[in-house]
Amino acid sequence: MDRARVAVLISGRGSNMAALLYAAKADDCPFAICAVLSDKPQAAGLALAAAEGVPTAAIDAKALKAGLWPALEAAIAEANPDYIALAGFMRIIPAGFVERWAGRLVNIHPSLLPKYKGLHTHQSAIDAGDDVTGATVHLVTPEVDSGAILGQVEVAILPGDDAEALDARVLIAEHQLYPRVLAEFVRRAERKQ
Ligand code: GAR
């Protein structure tokens with residue numbers, strides 16, 4: 001079976017993108033990373049992806065302003081993906097884009113959704129006195145962080161954790177969750193075809 005082509009959109013560090021990219025090196029992985037695209041030319045993940053031989057493109061959101069989305073869609077069309085994985089892509093996605101990719105656009109979010117949508121999720125979990133948080137992989141819908149949940153991982157909050165400590169530990173869990181859930185999702189979707 002041909003592997004499903006996945007384009008990954010990042011805005012910065014790209015550690016989840018790297019987790020997907022290294023998972024895709026396994027012989028039995030059902031997806032391949034066909035491109036890594038960023039809305040920030042300086043995103044560290046771009047250099048990593050390029051060094052691994054993955055096509056990259058930087059679409060400069062600051063320079064392009066309203067032209068960002070047409071340029072991004074052109075770069076995506078060129079990469080010809082079956083799925084798009086958002087990995088620390090810190091932008092609200094326009095409804096038209098979400099509709100065009102409905103059911104094929106996934107995101108990872110650092111909380112146990114539906115808890116703590118948006119930013120500062122770890123501080124919110126600490127402030128609420130929670131003893132567990134985690135991460136969620138979900139389908140993207142026009143309403144932010146609200147699409148169908150594909151998979152979650154729980155991470156214990158330790159006494160004395162601050163947002164930074166929790167972020168570091170949740171990130172380890174994210175790196176396990178995202179490749180596994182994306183692989184399961186792609187396998188299920190390909191079986192239906
Ligand atoms: C990750 O923790 C991801 O869950 C989060 O940004 C970080 C990106 O790190 N995403 C969101 O908050 C999206 N709402 P990375 O660039 O190293 O993957």
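Just so it is clear, the values below take in all heavy atoms, side chains as well, and ignore hydrogens, waters and symmetry mates. Both counts, for ligands and for their atoms, begin at 1 and track the order of listing.
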Discussion item. Walk me through whether V170 and T133 qualify under side chain to side chain contact (heavy atoms under 4.5 Å, CB included).
Written reply: CA-CA 8 Å; V170 171; T133 185; 4.0 Å; yes
Considering only N or O atoms, set out every pair between ligand 1 and the protein closer than 3.5 Å, with distances to one decimal place.
| unit_1 | atom_1 | unit_2 | atom_2 | d |
| --- | --- | --- | --- | --- |
| ligand 1 | 2 (O) | E174 | OE1 | 3.2 |
| ligand 1 | 2 (O) | E174 | OE2 | 2.9 |
| ligand 1 | 4 (O) | E174 | OE1 | 2.7 |
| ligand 1 | 4 (O) | E174 | OE2 | 3.3 |
| ligand 1 | 9 (O) | R13 | NH2 | 3.0 |
| ligand 1 | 14 (N) | H109 | ND1 | 3.3 |
| ligand 1 | 16 (O) | G14 | N | 2.8 |
| ligand 1 | 17 (O) | R13 | NE | 2.6 |
| ligand 1 | 17 (O) | R13 | NH2 | 3.2 |
| ligand 1 | 17 (O) | S15 | N | 2.8 |
| ligand 1 | 17 (O) | S15 | OG | 2.5 |
| ligand 1 | 18 (O) | S15 | N | 3.4 |
| ligand 1 | 18 (O) | N16 | N | 2.9 |
| ligand 1 | 18 (O) | N16 | ND2 | 3.0 |

Worksheet item: Considering all heavy atoms of both residues, which atom of D39 and which atom of S11 are nearest to each other, and what is their separation?
Response: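 Shortest heavy-atom contact: OD1-OG, 2.9 Å.
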Worksheet item: Do other residues, nucleotides or ligands put more than 12 heavy atoms under 6.0 Å from L158 CG?
Response: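 Check passes, neighbour count above 12.
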Just distance, no hydrogens or angles: give the donor-acceptor pairs under 3.5 Å from side chains in residues 24-33, sequence neighbours left out.
| unit_1 | atom_1 | unit_2 | atom_2 | d |
| --- | --- | --- | --- | --- |
| K25 | NZ | E52 | OE1 | 2.7 |

Item to complete: Check side chain to side chain contact (heavy atoms under 4.5 Å, CB included) between R188 and all other residues, then give those that pass, not counting sequence neighbours.
Response: L150, E184, F185, R191
Worksheet entry | Shared-cluster residues of F97, by chain and number - hydrophobic side chains joined below 4.5 Å | L9, L37, I59, L64, L68, W69, L72, I76, I84, L86, F89, I93, V98, W101, L105, V140
